Undergrad: 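Structure incoming, see below.
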Amino acid sequence: MDNKNRPIGFFDSGVGGLSVLREALKVMPNEDYIYFGDSKNAPYGMKSAKEVRDLTFKAVEFLLNKGVKGIAIACNTATSAAVAELRTVYPDLPLVGIEPALKPAVELNNEGDILIMATAMTLKEEKFKRLMERYKERASIIPVPCPGLVEFIEEGKFQGEEIEDYLLNKINTYKKGKIAAIVLGCTHYPFIKKTLVKIVGEDVDIIDGGLGTAKELKRRLNEKGLLKNSNNSGSIEIVNSSNKKEIIDLSYSLLLD
Ligand code: DGL
């Protein structure tokens with residue numbers, strides 16, 4: 001098969017990376033995609049970096065065996081734990097990761113604190129420390145670890161009292177001051193954006209890195225001459241380590257969200 005016609009691989013600890021895939025569908029609608037969600041092992045955010053690294057390598061090998069021409073690690077946690085090493089092991093593979101979109105939040109120059117919601121692991125890792133270092137002089141940045149939030153989303157709970165209480169608990173202290181922006185530093189969180197808006201109000205900018213990551217993936221594939229020449233819309237195959245039908249149904253429905 002012509003390399004250009006091979007599918008693009010996406011990976012996340014569960015259904016979160018679909019928030020990145022849906023952006024990729026906007027910028028590369030003619031491509032074929034294979035999405036691998038590791039819901040059986042989710043959440044990754046509370047595991048050790050070594051465990052997440054090993055699971056990420058396994059997922060990448062799975063996608064490569066499926067014949068993908070490039071991969072998006074559509075998970076901030078897996079990116080922190082494995083992307084640098086993956087680039088060394090697979091130097092020729094077009095590979096993108098995702099990290100909290102702090103730059104656009106800082107560049108808004110809004111008054112107040114920038115809250116970064118992410119998993120405990122993402123906020124603990126070296127990659128995030130370097131990101132903070134780069135921007136800490138330009139803004140007041142507050143990391144907000146959100147253990148338990150991924151679990152709601154994996155269960156398909158995006159609204160309702162339980163999740164509103166959770167978010168209110170997390171955000172209440174900062175609502176007393178001024179919130180400049182909220183960065184969604186976990187790919188699961190864009191799916192609860194509407195509920196978050198209910199808590200913080202329409203005026204707070206809520207930013208995620210999905211579109212930026214999708215564009216970067218397109219750029220890398222283009223650089224290697226790997227974009228498909230076709231005007232037909234492509235196909236999407238969703239594979240999940242949890243064989244539950246509900247997870248597969250949830251995954252397809254999130255793409256339409
Ligand atoms: N979607 C993953 C991320 O972007 C969630 C990690 C988890 O499973 O805890 O960080």
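Predicted, not measured: the structure shown is a model, and the values here were computed from it. Remember, it's 1-based here, ligands and their atoms both numbered in the order they're listed.
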Undergrad: Starting from atom 6 (C) of ligand 1, locate the nearest protein heavy atom and write down its residue, its atom name and how far away it is, to 0.1 Å.
TA: T77 OG1, 3.4 Å
Undergrad: Provide, to 0.1 Å, the distance between atom 9 (O) of ligand 1 and the closest protein heavy atom, together with that atom's residue and name.
TA: G45 N, 2.7 Å
Undergrad: Just checking D203: does its CG atom have more than 12 heavy atoms from other residues, nucleotides or ligands closer to it than 6.0 angstrom?
TA: no
Undergrad: Can I get a per-line list of side-chain donor-acceptor pairs under 3.5 Å for residues 18-28, giving both atom names and the distance, sequence neighbours left out?
TA:
{"residue": "S19", "atom": "OG", "partner": "G16", "partner atom": "O", "Å": "2.9"}
{"residue": "S19", "atom": "OG", "partner": "T187", "partner atom": "O", "Å": "2.7"}
{"residue": "R22", "atom": "NH1", "partner": "D257", "partner atom": "O", "Å": "3.4"}
{"residue": "R22", "atom": "NH1", "partner": "D257", "partner atom": "OD2", "Å": "3.3"}
{"residue": "E23", "atom": "OE1", "partner": "K26", "partner atom": "NZ", "Å": "3.1"}
{"residue": "E23", "atom": "OE2", "partner": "K26", "partner atom": "NZ", "Å": "3.4"}

Undergrad: Is there a polar contact between ligand 1 and T122, counting only N or O atoms under 3.5 Å apart?
TA: no
Undergrad: Just go through N76, I153, L149 and tell me whose heavy atom is the nearest to atom 4 (O) of ligand 1.
TA: N76
Undergrad: Side chain, backbone, both or neither: which applies to D12 and ligand 1 if a contact is any heavy-atom pair less than 4.0 Å apart?
TA: side chain
Undergrad: Counting only heavy atoms closer than 4.0 Å, does ligand 1 sit against the backbone of T119, its side chain, both, or neither?
TA: side chain
Undergrad: Thinking salt bridges, do K50 and D54 make one under a 4.0 Å N-O criterion?
TA: yes
Undergrad: With a 4.5 Å heavy-atom cut-off, do K69 and K228 have their side chains touching?
TA: yes
Undergrad: Provide the number and element of each atom of ligand 1 under 4.0 Å from a heavy atom of S13.
TA: 2 (C), 5 (C), 6 (C), 7 (C), 8 (O)
Undergrad: Return yes when C75 approaches ligand 1 closer than 4.0 angstrom through a heavy atom, no otherwise.
TA: yes
Undergrad: Taking only Lys NZ, Arg NE, NH1 and NH2, and the carboxylate oxygens of Asp or Glu, determine whether E133 and K129 approach each other closer than 4.0 Å.
TA: no
Undergrad: Using the rule that two of Ile, Leu, Val, Met, Phe, Trp, Tyr join whenever any of their side-chain heavy atoms come within less than 4.5 Å, decide whether L95 and V68 are in one cluster.
TA: yes
Undergrad: For atom 7 (C) of ligand 1, what is the closest protein heavy atom, and at what distance to 0.1 Å?
TA: Y44 N, 3.1 Å
Undergrad: Does the side chain of M121 reach to within under 4.5 Å of the side chain of N76, using non-hydrogen atoms?
TA: no
Undergrad: Please work out which of C186, A120, A74, A81 has its closest non-hydrogen atom nearest to atom 5 (C) of ligand 1.
TA: C186
Undergrad: Between E125 and K127, does any side-chain N to carboxylate O distance fall below 4.0 Å?
TA: no
Undergrad: For ligand 1, find out whether one of its N or O atoms is nearer than 3.5 Å to an N or O atom of A42.
TA: no
